[in-house]
Structures are given as C-alpha cells and as structure tokens.
Amino acid sequence: MSSASNLLTTIVSREEVHAQMHWVYRDWAGGNGPHWDDFFEAPSSVFFVEKGRVELEFEDGRSVCCQAGDIFLGVRSVRKQRIGANTKLLSVGYDLTWATRHSAYDHVLNVCVPAKVVAKNASCRRLRVATLRLLKRFYPDRREIDFVSATHLPPSDAGDAIRQQLAFWEWLGHLQRVFDDQDLRPAFPMARSEIVREVKDRVDRYPLSSPFKDIAKDLGLSVSWRRVQQLFKAELHQAPHDYFDARRIDHARRHLRQRGASVKEVAAELGFRSLSHFSVWFKKGSGVSPRQFLAGS
C-alpha cells in the first residue's frame with residue numbers, strides 16, 4: 001500500500017497522469033504454431049516469457065526477440081508478433097500517459113531485459129511477484145487465464161474495485177523501479193507559460209465533436225495564434241490541433257474497447273457524419289483501422 005501511495009503522490013505532483021490497466025493474464029500463448037500476425041496497435045505492456053520465445057517487429061523497422069527468462073518492456077505502438085509453440089507468458093497491459101496523451105516513457109521502451117540480467121536484479125524479481133499478486137487480486141480462484149478472457153476485466157463491487165486499483169498502482173511502483181534500474185527515464189512535458197496553460201485548459205474542456213478551427217476565435221488572447229502554436233509546440237511537443245486530435249483519438253480508443261460501443265456510435269460522438277471519413281482519420285492517428293483495432297484490442 002505504501003509504495004502505491006508514494007508512486008501516486010510522486011507522479012501526480014509532477015504532472016497530470018492517466019493510468020489504466022487493460023489486462024493481466026498468464027497462459028500458454030503459442031496457439032497453432034509460430035506465424036507472423038498482421039500489424040496491430042498494442043497498448044503499453046510488460047510480459048515475462050516463462051517458456052518459449054516471442055519475436056516482435058515494429059512499424060519503424062526495429063525488432064526484438066525475447067526468450068525464456070526475459071522480460072519485455074513495451075510502450076503503446078503498432079507492431080506484429082510471432083509467438084513460438086509451447087510459449088507461456090505472464091503479462092500486464094496498461095497505459096501510463098501525460099495530459100498530452102504521450103506515454104510517460106514514449107521513446108525508451110520496446111526493449112527486452114535478458115534473463116541473465118533478470119536473475120541478478122531484485123527489482124525484476126519483485127515485479128514478477130507483484131504481477132502474480134495482481135493476477136490473484138483480479139482472479140482469486142485462477143492460477144492462469146487466457147489473453148482473450150483477460151481483456152474483459154471481471155466486474156467488481158466498489159470495495160474490490162478500490163483494492164484492485166491500489167494493487168495496480170503498487171504494481172506500477174515496482175515497474176517504475178525496474179525502469180530506474182535499467183536507466184529508462186521518463187520525459188515530463190510541462191506547460192510553463194501562462195498562455196500555454198490557458199490554451200491547454202481550454203483545449204482540455206473543448207467539445208470533442210466541435211471543429212477545432214473555432215477554438216482560436218473564442219480564446220481572445222493577447223498574442224497571435226501563430227505565436228500560441230509556437231509556444232505550445234515548444235513546451236508540449238505538439239501543436240494545439242494535434243493535442244486536440246490526440247484527445248479525440250484517446251476517446252475513440254477507449255470507447256471502442258467498451259463492450260457494446262460500435263464504430264458508428266463512436267464516430268457520431270466525435271462529430272463524424274461519414275464512417276469512411278472517421279476510419280481514414282482513425283487510421284491516420286492510430287496506424288490501424290477501427291475494425292483492425294477492435295480485432296487486436
């Protein structure tokens with residue numbers, strides 16, 4: 001509990017953070033034998049290769065191979081994978097992002113920690129124990145659960161939900177210590193100037209279904225919109241329009257994952273009158289179409 005509280009205090013005091021768990025599972029993952037999947041978008045994830053072998057290839061051409069005893073530390077990305085026969089994984093899928101919707105560890109992950117390093121590193125061993133504890137918190141009567149079942153987290157009452165969330169934060173605390181030991185440092189995008197904070201606050205509250213071009217008209221700032229764009233990009237590493245679009249993409253991803261939310265419903269929520277326009281926009285921002293995203297989520 002204390003480590004969860006300490007992590008929560010430390011992170012929230014530095015910057016606004018969104019943290020969400022997507023799954024925790026432990027299962028044989030080889031299926032009918034090794035083959036390359038199509039490219040799909042995967043959230044940030046950690047998996048322990050308990051047996052077998054996993055090969056990953058990323059959109060930018062990089063590749064990673066993890067074998068028994070290794071730990072994969074991944075960030076949200078578009079990738080394809082090949083899982084060897086008789087491969088068993090212990091995994092957690094999650095998101096940890098700043099208010100800009102950038103991953104807290106955007107450019108340093110998608111790495112494999114080799115078994116020989118894991119064996120000598122106490123933080124890696126504690127993370128595995130914490131992962132097993134997290135699995136037990138969500139599935140108290142199961143030692144293993146398959147990936148498909150795990151992507152739909154079990155319903156819980158208010159008390160269980162709080163205990164599960166605290167267990168997740170405690171797990172994040174152990175993960176952060178592994179990141180520290182591997183010298184994987186987060187980047188903290190900060191809105192320093194008053195103008196950027198004002199614009200960011202307005203964009204955060206702006207209706208996701210409204211045209212972004214109306215925002216500049218409503219702000220009434222003392223500087224030009226071009227200057228606002230320069231400052232925003234310098235401090236938050238993206239233009240205001242891209243930041244707003246990232247909010248919309250984040251909304252679309254979360255709502256598409258909900259059971260019963262259709263592509264048509266999400267498109268309407270975001271002000272799209274045409275499903276084809278929504279699909280093109282979503283693929284441009286996510287790397288995959290809405291239906292591919294649903295198939296891989």
Side-chain angles (χ1 to χ4, degrees), residues 15-22 40-44 76-78 93-104 106 151-153 189-191 193-297:
E15 182 75 359
E16 300 171 54
V17 163
H18 169 73
Q20 179 183 1
M21 193 178 95
H22 297 297
F40 66 98
E41 186 190 47
S44 299
R76 178 179 286 280
S77 55
V78 176
Y94 70 98
D95 278 322
L96 184 63
T97 59
W98 307 120
T100 59
R101 300 323 191 253
H102 285 95
S103 168
D106 200 8
T151 54
H152 301 297
L153 296 175
M190 302 289 285
S193 70
E194 184 177 346
I195 288 174
V196 174
R197 287 197 297 270
E198 184 178 347
V199 174
K200 176 181 170 299
D201 181 65
R202 181 57 188 268
V203 175
D204 284 340
R205 293 182 287 109
Y206 203 69
L208 296 178
S209 59
S210 298
F212 182 80
K213 59 183 174 60
D214 294 340
I215 238 179
K217 301 175 186 176
D218 299 339
L219 285 174
L221 297 171
S222 58
V223 298
S224 69
W225 183 245
R226 183 177 180 181
R227 180 58 177 158
V228 168
Q229 291 176 310
Q230 290 172 340
L231 291 170
F232 207 96
K233 194 165 185 178
E235 296 185 19
L236 298 180
H237 313 304
Q238 57 188 160
H241 181 273
D242 293 331
Y243 177 72
F244 180 65
D245 238 23
R247 287 190 61 230
R248 301 176 83 212
I249 284 286
D250 185 56
H251 176 94
R253 286 170 175 157
R254 285 187 284 109
H255 283 246
L256 283 172
R257 280 201 183 93
Q258 293 177 0
R259 297 159 86 178
S262 69
V263 175
K264 184 177 181 180
E265 289 168 338
V266 174
E269 288 173 1
L270 294 175
F272 287 88
R273 297 181 180 178
S274 163
L275 276 181
S276 62
H277 288 167
F278 172 75
S279 295
V280 169
W281 169 82
F282 186 91
K283 186 169 185 177
K284 182 179 179 182
S286 294
V288 292
S289 72
R291 299 200 183 282
Q292 288 172 322
F293 176 79
L294 283 170
S297 65

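In this chain, numbering begins with 1 at the start of the sequence shown.
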Notebook entry, point to check: Within a strict 4.5 Å, meaning less than it, do heavy atoms of the Arg253 and Phe282 side chains meet?
Noted result: yes

Margin query: For Asp95 versus Pro43, what's the shortest heavy-atom pair and its separation?
Written below: OD1-CB, 3.9 Å

Item checked: Interatomic spacing from CG in Leu208 to CZ in Phe244 - rounded to 0.5 Å -> 5.5 Å

Check: So, for Gly271 and Ser209, which heavy atoms are closest and what is the spacing to 0.1 Å?
Finding: N-CB, 3.8 Å

Item checked: Ser77 side, atom OG; Phe40 side, atom CZ - distance, nearest 0.5 Å -> 8.5 Å

Check: So do the side chains of Leu96 and Ser44 get within less than 4.5 Å of each other, counting heavy atoms only?
Finding: no

Note to self: I'd like to check the salt bridge (charged side-chain N to carboxylate O under 4.0 Å, His left out) partners of Asp245; sequence neighbours left out, ordered by chain and number.
What the structure shows: Arg248

Item checked: Qualifying residues under side-chain contact (heavy atoms from CB on, under 4.5 Å), relative to His277, sequence neighbours excluded -> Phe272, Ser274

Item checked: Distance, nearest 0.5 Å, that separates NE2 of His241 from CD of Gln229 -> 10.0 Å

Checklist line | Value rounded to 0.5 Å, distance of OH in Tyr94 from NE2 in His22 | finding: 10.0 Å

Item checked: All side-chain hydrogen bond (donor to acceptor under 3.5 Å, both in side chains) counterparts of Ser224, not counting sequence neighbours -> none

Notebook entry, point to check: With a 4.5 Å limit on heavy-atom distance, are the side chains of Phe232 and Lys200 in contact?
Noted result: yes

Note to self: Which residues pass the side-chain hydrogen bond (donor to acceptor under 3.5 Å, both in side chains) test with Ser210, not counting sequence neighbours?
What the structure shows: none

Notebook entry, point to check: Rounded to the nearest 0.5 Å, how far apart are CG of Leu270 and CZ of Arg247?
Noted result: 10.0 Å

Check: What orientation do His255 and His251 show, parallel under 30°, tilted 30 to 60°, or perpendicular over 60°?
Finding: parallel

Checklist line | By salt bridge (charged side-chain N to carboxylate O under 4.0 Å, His left out) - contacts of Arg273 (at least two apart) | finding: none

Notebook entry, point to check: What residues form a side-chain hydrogen bond (donor to acceptor under 3.5 Å, both in side chains) with Ser193, not counting sequence neighbours?
Noted result: Glu235

Notebook entry, point to check: Can you name the closest pair of heavy atoms from Pro240 and Val228 and give their distance?
Noted result: CG-CG1, 4.5 Å

Item checked: Contact summary for Ala252 and Val266, nearest pair of heavy atoms -> CA-CG1, 3.7 Å

Check: Atom CG of Asp204 and atom CZ of Arg197: how far apart are they, to the nearest 0.5 Å?
Finding: 13.5 Å

Next item on the list: Check the angle between the aromatic planes of Trp225 and Phe212 and answer parallel, tilted or perpendicular using the 30° and 60° thresholds.
Entry: tilted

